[in-house]
Amino acid sequence: MHYRPLGKTGLSVSEIGYGTWGIGGSMWIGAEEDESVRALHRAIELGVNFIDTARGYGESERIVGRVIREHPGETVYVATKVPPKNGIWPAPKGLDPAETFPGDHIRASLETSLRASGLQAFDVLQFHVWSDEWVGRGDWLETIEDLKKEGKIRFFGVSINDYQPDSVLDLVRSGHLDTVQCIYNVFHQAPEEHLLPACAQHGVGVIVRVPLDEGALTGRITPGTTFPDGDFRNKYFAGDRKSQVKQHVDALAADLGIQTDQVAEIALRYVLSQDAASTVAVGMRTVPNVERNTAVGDGRGLSPEQQVIAARHRWEKNFYPS
Ligand SMILES: NC(=O)c1ccc[n+]([C@@H]2O[C@H](COP(=O)([O-])OP(=O)(O)OC[C@H]3O[C@@H](n4cnc5c(N)ncnc54)[C@H](OP(=O)(O)O)[C@@H]3O)[C@@H](O)[C@H]2O)c1
């Protein structure tokens, strides 16, 4: 496993990180805790040292804390998230930070996350939505600085609204931010335009999320794919979207001269070809997926030819239900 600096935090994080939305059992249905625990253990054995979780991911913080405690002496960094107090995703324009991230809410959420995980502190605390209108307003920054001084968090990040990569540029430039978490993948290339260069310039670590477009970039979504009742992917891949995905993935694979089951590897390498990407938080619930994905963290991006081809397959869309 290769490691990269997480901005200017001083942390060195594995190229492949662990995304734990799916194992929490809230919006993804079907994870078995025993299998999730085995998968997390295997990931740590294979060098993964960065795990992304959130207060809003059902049982995820508890499971992550359990696994971390079973690796005493091993350095594994955990980033969690504070949900907005008003419960609105994504953050619409015009909100006062007192409605979303007042200090007492941040502190209460963090305390709940610490209790749920059994951890003494989190390496990164991220706001789960962001609007640049909040820079210089509210008491959130003071609270974050106090929590750092108290040793309950080491670094501060924001996980930005889906498909709004430019919505955090003022905060990136402010110097108050340690990490940004954003969607970035073969289809959604917009972060390359402003966000990734700004993060590189200001030493802000980049945690890439949804690198496989919720499974679209694995070749496993076809018109016949079904998901369990209550799983959010029933909406994400609703209507004719599974056919659209298959067409786009087949075209990508054909252009690259690969089989569709190699698309996941190419998708992860596409993200890792950007030096500004610190770690790629891949959603994984099984040992085989962990083994396949960790093998990609070998320090190699795409070849220049593959990069040119992949770049032609940009497909900006927003399938998230809102
Ligand atoms: N707003 C936010 O802050 C936000 C939103 C979304 C996600 N996130 C974070 O980002 C992480 C990653 O995003 P995500 O989990 O939603 O989606 P993702 O990483 O784009 O895709 C996950 C899907 O890909 C499948 N998969 C993984 N590796 C594979 C492989 N090698 N071959 C075939 N299939 C493979 C997984 O299957 P299995 O599950 O069966 O292993 C799962 O269905 C999340 O877990 C979470 O930590 C944050």
Side-chain angles (χ1 to χ4, degrees), residues 16-32 35-36 38-40 42-43 48 50-58 60-61 63-64 78-84 88-91 124-130 157-165 167-168 179-188 206-221 225 227-228 231-233 236-237 245 249 259-271 279-297 318-322:
I16 301 298
Y18 206 118
T20 64
W21 184 21
I23 67 169
S26 53
M27 294 175 74
W28 291 67
I29 308 298
E32 297 287 340
E35 178 67 9
S36 302
R38 274 195 296 277
L40 274 161
R42 187 74 182 124
V48 169
F50 186 87
I51 301 177
D52 178 64
T53 181
R55 183 81 291 276
Y57 292 172
S60 167
E61 289 179 325
I63 296 170
V64 169
V78 183
T80 194
K81 308 188 191 89
V82 183
I88 299 175
W89 269 269
V124 187
L125 184 69
Q126 306 162 100
F127 289 178
H128 211 148
V129 292
W130 179 253
V158 295
S159 188
I160 62 176
N161 290 350
D162 301 325
Y163 300 113
Q164 295 178 25
S167 62
V168 71
T179 65
V180 161
Q181 181 176 138
C182 63
I183 301 178
Y184 175 48
N185 58 48
V186 171
F187 292 150
H188 178 52
V206 176
I207 301 159
V208 171
R209 73 171 186 254
V210 197
L212 301 176
D213 188 17
E214 306 295 9
L217 282 162
T218 68
R220 292 195 181 174
I221 305 291
T225 305
F227 305 103
D231 192 297
F232 95 101
R233 288 169 296 173
Y236 191 84
F237 294 113
V245 163
V249 170
Q259 300 298 311
T260 51
D261 64 4
Q262 295 170 283
V263 165
E265 176 184 340
I266 291 288
L268 297 180
R269 289 198 190 282
Y270 179 84
V271 172
T279 185
V280 185
V282 196
M284 310 180 270
R285 296 181 295 175
T286 63
V287 170
N289 278 352
V290 165
E291 291 180 343
R292 269 192 286 270
N293 296 337
T294 50
V296 182
N318 187 353
F319 282 180
Y320 288 102
S322 57

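Note that ligands are numbered from 1 as they come in the structure, with each ligand's atoms numbered from 1 the same way. All values below come from the heavy atoms of this structure, side chains included, with hydrogens, waters and symmetry mates left out.
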Per the side chain to side chain contact (heavy atoms under 4.5 Å, CB included) rule, which among Asn293, Ile183, Leu268, Leu217 passes with Pro211?
Leu268
Enumerated ligand 1 atoms positioned under 4.0 Å from heavy atoms of Arg233
43 (O)
Give me the nearest non-hydrogen protein atom to atom 39 (O) of ligand 1 as residue plus atom name, then the distance to 0.1 Å.
Arg285 NE, 2.6 Å
Hey, can you tell me if Phe232 and Tyr320 have their rings parallel, tilted or perpendicular (30° and 60° cut-offs)?
parallel
For ligand 1, which atoms, with element, lie under 4.0 Å from some heavy atom of Lys81?
3 (O), 48 (C)
Residues in side chain to side chain contact (heavy atoms under 4.5 Å, CB included) contact with Ala281, at least two apart in sequence or another chain:
Asp52, Ile207
Element-labelled atoms of ligand 1 that are located less than 4.0 Å from some non-hydrogen atom of Gln181:
3 (O), 4 (C), 8 (N), 9 (C), 48 (C)
Closest non-hydrogen protein atom to atom 28 (N) of ligand 1, residue and atom name please, with distance?
Asn293 ND2, 2.8 Å
Proximity of Leu217 to ligand 1 by residue part, where a heavy atom lies under 4.0 Å
neither
Rounding to 0.5 Å, atoms OG1 (Thr80) and NE2 (His128) come to a distance of 9.0 Å
What's the separation between atom CD1 in Ile51 and atom OG1 in Thr20, rounded to the nearest 0.5 Å?
7.5 Å
Between atom CG of Asp213 and atom OH of Tyr236, what is the distance when rounded to the nearest 0.5 Å?
3.5 Å
Show me which atoms of ligand 1 lie under 4.0 Å from any heavy atom of His128.
1 (N), 2 (C), 3 (O)
What I want to find out is whether Arg42 reaches Glu291 closely enough, with some N-O distance under 4.0 Å, to be called a salt bridge.
yes
Would Glu265 count as a contact residue for ligand 1, given that I'm defining contact as a non-hydrogen atom of the residue lying under 4.0 Å from a ligand atom?
no
Taking the ring centre of each residue, are Trp28 and Tyr57 less than 6.0 Å apart?
no
Verify, without hydrogens or angle tests, whether Lys81 (side chain) and Arg55 (backbone) share a donor-acceptor contact under 3.5 angstrom.
no
Tell me: protein heavy atom nearest atom 15 (O) of ligand 1, and distance?
Gly283 CA, 3.1 Å
Under 4.0 Å from ligand 1, counting heavy atoms only, is it the side chain of Pro211, its backbone, both or neither?
both
Close approach of Tyr18 to ligand 1, heavy atoms, under 4.0 angstrom:
no
Is there at least one pair of N or O atoms, one from Asp213 and one from ligand 1, spaced under 3.5 Å apart?
yes
I'd like to know if Arg292 and Asp261 make a salt bridge, using a cut-off of under 4.0 Å between side-chain N and carboxylate O.
no
Within a distance under 4.0 Å of any heavy atom of Gly19, pick out the atoms of ligand 1 and give their elements.
11 (C), 44 (C), 45 (O), 47 (O)
Looking only at protein heavy atoms, what sits closest to atom 34 (N) of ligand 1 is Thr218 CG2, 3.3 Å
For Gln126 and ligand 1, answer yes if some heavy atom of the residue is under 4.0 Å from a ligand atom, otherwise no.
no
Can you find a side-chain donor-acceptor pair between Thr225 and Arg220 that sits under 3.5 Å?
no
Say whether Trp28, considering both its backbone and side-chain N or O atoms, lies within less than 3.5 Å of an N or O atom on ligand 1.
no
Say you draw a straight line from CZ of Arg269 to CD of Gln262; how long is it, rounded to the nearest 0.5 Å?
11.0 Å
The closest protein heavy-atom partner of atom 14 (P) of ligand 1 is Glu214 OE1, 3.3 Å
Purely on distance, is any nitrogen or oxygen of Leu212 under 3.5 Å from one on ligand 1?
yes
Aromatic ring proximity, centroids under 6.0 angstrom, Phe50 and Tyr18
no
Using a 4.0 Å heavy-atom threshold (strictly under), name the region of Glu291 that reaches ligand 1: side chain, backbone, both or neither.
neither
Nearest protein heavy atom with distance in Å, relative to atom 32 (N) of ligand 1:
Asn289 OD1, 3.6 Å
Which heavy atom of the protein is the closest neighbour of atom 9 (C) of ligand 1, given with residue, atom name and distance?
Asp52 OD2, 3.4 Å
Do me a favour and list the nearest non-hydrogen protein atom to atom 4 (C) of ligand 1 with residue, atom name and distance?
Arg209 CD, 3.2 Å
Which atoms of ligand 1 sit under 4.0 Å from any heavy atom of Met284?
41 (O)
Can you confirm whether more than 12 heavy atoms, excluding those of Glu35, are under 6.0 Å from its CD atom?
yes
Could you tell me whether ligand 1 has any atom less than 4.0 Å away from a heavy atom of Tyr57?
yes
Taking only heavy atoms of Gly215 into account, list the atoms of ligand 1 that are under 4.0 Å away from them.
21 (O), 23 (C), 24 (O)
Do Val206 and Thr179 have side-chain heavy atoms sitting under 4.5 Å apart?
no
